[in-house]
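First listed ligand is number 1; within each ligand, the first listed atom is number 1. Heavy-atom basis, side chains included; hydrogens, waters and symmetry copies ignored. The shown structure was predicted, so the numbers you read here are calculated from the model rather than taken from an experiment. The first residue of the sequence shown is numbered 1, and numbering continues consecutively from there.
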Amino acid sequence: MFVEPDLGRNTRTGWIEVICGCMFSGKTEELIRRLKRAQIARQKVEIFKPAIDTRYHEADVVSHNANAIRSTPIHAAHEIFLWSGDCAVAGIDEAQFFDESIVEVCVKLANGGKRVIVAGLDMDFQGKPFGCMPALMAVAEFVTKVHAVCAICGSVASYSYRLTPAKEKILLGETENYEARCRRCFNLGAKAVAL
Ligand code: ADP
Ligand code: MG
């Protein structure tokens, strides 16, 4: 369990935390947990998500277990600067949908003394590193990889298996389009059978 570090207590340094993993691994849940703790500590929190992600709600960030927090949908990473002026903590969900400029934005926010918490998919549906996520992980002080339960065999799952034949990298959707799978069942693909 991630516990807030005290490296900012006597200084005014910022830092970057990355929460990564496959679909259904609890990234959003963990992001919301950290942000709500910061709010309890009366820190000013701003939350951002890409405007394309309207699966559950136009503005809220919502986890698969229906936990929610109000957020600002944005179209490009630099818009974060417009809304994050006086906040102490900036949260970003679904970071993999932003282009590489999100890395520089996060670095600038952290250099300016903010705590930046970024959640996103570390791999796409083909098991390849997803867009800006590897670079974000490299510049972060803290990286937490969370896991799901394999929908086939119950092992630890870190892959998002696409159940539909669509080939595009971005296909929004939930249980009808994706399931969490362990390495073995992901590699077996359509041949994987439930134990
Ligand atoms: P993420 O943001 O990583 O997609 P969420 O935080 O939105 O994940 O949702 C995590 C929740 O999803 C879990 O607490 C659980 O209720 C639910 N869930 C659905 N399928 C699975 C699975 N295969 N493994 C683990 N949790 C799952
Ligand atoms: Mg999520």
Chemist: Mind checking whether Ala157 has a heavy atom under 4.0 Å from ligand 1?
Modeler: no
Chemist: Work out whether the distance between some heavy atom of Ser25 and some atom of ligand 1 is less than 4.0 Å.
Modeler: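 In this structure, Ser25 qualifies as a contact of ligand 1 - some heavy atom is under 4.0 Å.
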Chemist: Using a plain distance cutoff, I'd like to know if Phe24 has any nitrogen or oxygen under 3.5 Å from a nitrogen or oxygen of ligand 1.
Modeler: yes
Chemist: Do Arg181 and Tyr159 form a cation-pi contact, if we require the NZ or CZ to be under 6.0 Å from the six-membered ring centre and within 45 degrees of the ring's axis?
Modeler: no
Chemist: Provide the number and element of each atom of ligand 1 under 4.0 Å from a heavy atom of Ser63.
Modeler: 5 (P), 6 (O), 7 (O)
Chemist: Has Lys27 got a side-chain atom pairing as donor or acceptor with Cys22's backbone, closer than 3.5 angstrom?
Modeler: yes
Chemist: Would you say Arg34 and Thr144 are linked by a side-chain donor-acceptor pair, where the criterion is simply a distance under 3.5 Å?
Modeler: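 Yes.
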Chemist: Atoms of ligand 1 less than 4.0 Å from Val149 heavy atoms?
Modeler: 22 (C), 23 (N), 24 (N), 25 (C)
Chemist: If only atom types and distance count, is the side chain of Glu104 paired as donor or acceptor with the main-chain N or O of Ser101 below 3.5 Å?
Modeler: no
Chemist: Going by the atom numbers of ligand 1, which of them fall below 4.0 Å from some non-hydrogen atom of Cys22?
Modeler: 3 (O)
Chemist: What atoms of ligand 1 come within less than 4.0 Å of a heavy atom belonging to Glu29?
Modeler: 6 (O), 9 (O), 10 (C), 11 (C), 13 (C), 14 (O)
Chemist: Relative to the heavy atoms of Ala148, which atoms of ligand 1 are at a distance of less than 4.0 Å?
Modeler: 24 (N), 25 (C)
Chemist: Measuring from atom 4 (O) of ligand 1, which candidate in His64, Glu94, Glu30, Arg33 has the nearest non-hydrogen atom?
Modeler: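 Among His64, Glu94, Glu30, Arg33, the closest heavy atom to atom 4 (O) of ligand 1 comes from His64.
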Chemist: Shared ILVMFWY cluster between Leu188 and Val193, side chains joined below 4.5 angstrom?
Modeler: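 Unlinked, Leu188 and Val193 end up in two clusters.
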Chemist: Evaluate Val62 for polar contact with ligand 1, using N/O atom pairs at a separation under 3.5 Å.
Modeler: no
Chemist: Heavy-atom contact check, 4.0 Å cutoff: does Gly26 meet ligand 1?
Modeler: yes
Chemist: So, Arg70 and Asp60, do they make that salt bridge, N to O below 4.0 Å?
Modeler: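 Between Asp60 and Arg70 there is a salt bridge, with a charged N closer than 4.0 Å to a carboxylate O.
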Chemist: Are Ile102 and Ile74 in one and the same hydrophobic cluster, where Ile, Leu, Val, Met, Phe, Trp and Tyr link if side-chain heavy atoms are under 4.5 Å apart?
Modeler: yes
Chemist: Does the separation of the ring centres of Phe2 and Phe142 fall below 6.0 angstrom?
Modeler: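 Phe2 vs Phe142: aromatic centres under 6.0 Å.
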Chemist: Tell me whether the Mg ion (ligand 2) has Thr28 as a neighbour, meaning an N, O or S atom of it below 2.8 Å.
Modeler: yes
